[in-house]
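Note sheet for the following structure.
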Amino acid sequence: MQRIGVFVCHCGTNIAGTVDVKAVAEALGREPSVVYSTDYTYMCSESGQNLIKDTIVSKKLTGVVICSCSPRMHEATFRKAAASVGLNPYMVEIANIREQCSWIHKDKAEATEKAIILGRAAIAKVQLNTPLTAGESPVVKRALVIGGGIAGIQTALDVAEAGFEVDIVEKKATIGGKMTQIDKTFPTLDCAACILTPKMVDCAQNEKIKIYSYSEIESVTGFVGNFTVKIRKKARFVDETKCTGCGLCTEKCPVKKVPNEFNLGMDNRRAIYIPFAQAVPKVATIDANYCNMLKNGKCGVCSKVCTAGAIDYKQTDTIVEEKYGAIVAATGFNPIDVSQYGEYAYNQSKDVITSLEFERLTNAAGPTSGTLLRPSDGKHPHTIVFVQCVGSRCTPEKGKSYCSKICCMYTAKHAMLTREKYPDTDVYVFYIDVRTPGKNFDEFYRRAVEDYGVHYIKGAVGKVSPRADGTLDVQASDLIMGEQLHINADLVVLAAAIEPDKSARPLATMLTASMDTNDFFTEAHPKLRPVESPTAGVFLSGMCQGPKDIPETVSQASACAAKVIGLLAKDKLSCNPCVAHSNENMCNGCSQCANVCPYGAITYEEKEFRMPDRTTRIRRVASVNPAVCQGCGACTVTCPSGAMDLYGFSNRQIMSEVDAICK
């Protein structure tokens, strides 16, 4: 006979403001097998937990139902409290009467009735619960960081500093990410390369860090503490162990007209190239799309001039398989494609550029060696118009609904640096709002206006039209003055919205990680667990989780590293006992459950069964590895014969909840 105790939480007024908690406790106290029912202001508090523990002992409870907030918040807290007085923690059930009830209802009577129904369903389930015991699995003392930008670099360095091995997988030929393309950083205006390059070198020289550049993730299997990852090392047709980075091959290559992606196509590179002078690793890469030797077998100049013998035209992609205890997603971002906004004439004029292209034009290592020149004719621009929020804060049809967060600040930086270096230049900034949420950010913006004379105009740019004389007619509105403006500009700079890198979505599928509608990775909890994914063992670093500037990115990267270190420091992890199992008498060996299992936990065995006529028969049946299974339940809903079931969430338990709700 079950002896169940029910505890209803007020959660201050979060629940009690909409739900009559005393009426809920009284109603649930009349349910079968319930021997105790009460309410308390804060059940998760120490005194609330002590109430639960004392009642378990005094009333000899065999099961507990707690009507409170989401189990994501305090299920572990209540289970730990029950376990401390000898009750199996899996005999505790949570009825979510906050997020699923009080927060979504206004009528108190309606909310109270629903809370009673949810509590009744939890009671029905706990009556069928059985004690479960968590197993243990070892932890692989190695971390994988996917993405080699500043977020990935900082995370890797911090984890390595704690003594754990780290692998960085970067799809480009060098680590560094977008920060390598930036000239100065706000609000200090220090050189981006000067602060990033030492960290890149630290990564290369750290014996705990291994860099897989020009590589991509092929597949991910396993679970927290024991992931198996296949990494595709793309053929760069250069032996990394032999190349010295001397650059002689890049000087002698006869193919010169290859668009340079590092400078956003504003100049050209050779078919064999090193992305930039401080690249890490500093190893040449042959672009197979343009190399004459790889395309038609005629050339070989780079091989002839390479004194190290590093050129290998027969090199192919290779697959490396490694095991990791934790995985960090640091896939970064990209500016959106602004060519879709025809009103800005980006496709019509070379003098309409994005902010990142402006960065390259002002960078000493850029296509113009740091001299600000118009792309169309190479002349110095005397009037520059910056357009804010291009693709940000729009309807979904026009762009991104969110604020990209960094645009206001980097536009202020661009305007300030332009006025400082070229005082004869008139600079206009058209904005919706100026957002400066950071230390010394507002002061930085005010310097641009007050000290450098940048014209900030609250209003929208309606259209940019190329003129016959090569300039640009910028039609805009000044909302404060109530005027329509026409500015004859030499250069227009678009502050493009940012979006997650295109690799994020397929990676999330491999990691079984959650994403929002904008393809940013979703954190386990936006306030309490901001660097953790809902998928155990997967952590988030940098802009893959949402828009942020460099200081915030570095802070999050270090926080992410702390979580990774906490995981890798453990020798063993407790396994989730709510795993799938197969009824061998019902299994028909169809393989459908194995096909949908994202963890590879299901295999098949040939077993001998005795038939009713006393003959024996060999049948193929499913077998679940409980150390690998994560209890997602995909197999149970797929199994056509109903042989697959889940401990703690059996079909019988679920149906008992449904019956309790419907009665």
Side-chain angles (χ1 to χ4, degrees), residues 1-7 27-35 37 56 61-68 70-72 75 78-79 82-83 87-97 100 114-135 575-594 596-599 601-602 607 609 619 621-663:
M1 175 86 181
Q2 290 272 25
R3 295 179 60 83
I4 299 171
V6 176
F7 302 86
L28 296 180
R30 295 191 292 267
E31 290 295 310
S33 302
V34 175
V35 298
S37 182
I56 290 173
L61 300 182
T62 60
V64 170
V65 170
I66 298 171
C67 301
S68 60
S70 165
R72 286 182 61 187
E75 184 178 61
F78 295 128
R79 283 182 171 177
L87 180 66
N88 186 283
Y90 295 93
M91 298 301 291
V92 176
E93 286 296 326
I94 309 294
N96 184 355
I97 64 169
Q100 294 180 356
K114 183 175 180 180
I116 293 171
I117 292 171
L118 292 173
R120 189 185 299 144
I123 293 169
K125 183 175 185 294
V126 84
Q127 287 178 330
L128 298 175
N129 280 11
T130 55
L132 300 174
T133 302
C575 297
N576 175 20
C578 301
V579 296
H581 61 99
S582 172
N583 185 333
E584 295 179 347
N585 293 321
M586 298 174 64
C587 179
N588 61 20
C590 67
S591 297
Q592 290 194 33
C593 56
V596 300
C597 178
Y599 304 100
I602 301 174
K607 286 198 173 183
F609 289 86
R619 286 180 47 226
V621 294
S623 176
V624 179
N625 183 343
V628 179
C629 177
Q630 297 296 294
C632 69
C635 57
T636 65
V637 297
T638 303
C639 179
S641 61
M644 298 299 293
D645 214 345
L646 205 62
Y647 290 121
F649 295 93
S650 67
N651 294 331
R652 188 170 169 229
Q653 287 173 308
I654 300 300
M655 292 310 299
S656 71
E657 289 187 275
V658 174
D659 290 341
I661 290 171
C662 295
K663 77 175 183 179

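- One distance of note links OG1 of T62 with CD1 of I56; it measures 10.0 Å at 0.5 Å rounding.
- Going from atom CE of M655 over to atom SG of C662 covers 8.0 Å, rounded to the nearest 0.5 Å.
- Across every non-hydrogen atom of V126 and G63, the tightest pair is CG2-CA, 4.2 Å.
- Each of V65, V6, L28 was scored for a side chain to side chain contact (heavy atoms under 4.5 Å, CB included) with V34, with one residue passing: V6.
- In terms of heavy atoms, A580 sits closest to V624 at O-CG1, 3.4 Å.
- The local environment of OH in Y90 is crowded, with over 12 non-hydrogen atoms from other residues, nucleotides or ligands closer than 6.0 Å.
- M586 approaches G642 most closely through the heavy-atom pair CE-O, 3.6 Å.
- Residues passing the side chain to side chain contact (heavy atoms under 4.5 Å, CB included) test with V35, sequence neighbours excluded: R3, L61.
- Counting only residues at least two apart or on different chains, the salt bridge (charged side-chain N to carboxylate O under 4.0 Å, His left out) pairs with a member in residues 118-128 are E31-R120, E93-K125.
- Separation of atoms CD1 (I117) and CD (E657) is listed at 13.5 Å; rounding is to 0.5 Å.
- Across every non-hydrogen atom of L646 and G631, the tightest pair is CD2-O, 3.7 Å.
- The CD1 atom of I94 sits 5.0 Å away from the OG atom of S68 when rounded to the nearest 0.5 Å.
- Here the side chain of Q127 pairs no donor or acceptor atom with the backbone of S656 at under 3.5 angstrom.
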- Task: Go through T638 and C593 one step at a time and tell me if the side chain to side chain contact (heavy atoms under 4.5 Å, CB included) criterion holds.
- Result: CA-CA 6 Å; T638 303; C593 56; 5.6 Å; no
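- Between the side chain of N651 and the backbone N or O of D645, no donor-acceptor pair lies under 3.5 Å.
- With sequence neighbours left out, the side-chain hydrogen bond (donor to acceptor under 3.5 Å, both in side chains) criterion links S37 to no other residue.
- Between atom CZ of residue R619 and atom CG of residue N588 there is a gap of 8.0 Å, rounded to the nearest 0.5 Å.
- Panel note: side chain S33, backbone I4; no donor-acceptor pair is recorded below 3.5 Å.
- Q653 and N129 form a side-chain donor-acceptor contact under 3.5 Å, judged by distance and modelled atom types alone.
- Remark: C597 pairs with Y599, A601, I602 by the side chain to side chain contact (heavy atoms under 4.5 Å, CB included) rule, at least two apart or across chains.
- In terms of the salt bridge (Lys or Arg N to Asp or Glu O under 4.0 Å) criterion, residue partners of R30 (sequence neighbours excluded) are, by chain and number, E26.
- Nearest heavy-atom pair, L132 versus C578, reported as atom, atom and distance to 0.1 Å: CD1-SG, 4.0 Å.
- One distance of note links CE of M91 with CD of Q2; it measures 4.5 Å at 0.5 Å rounding.
- Put simply, the side chain of Y647 does not reach to within 4.5 Å of the side chain of P577, judged on heavy atoms.
- Under the rule for a salt bridge (Lys or Arg N to Asp or Glu O under 4.0 Å), the partners of E75 that lie at least two apart in sequence or sit in another chain are R79.
- Residue A660 comes nearest to A124 through the heavy atom pair CB-CB, 3.8 Å, listed as atom of the first residue, atom of the second, then distance.
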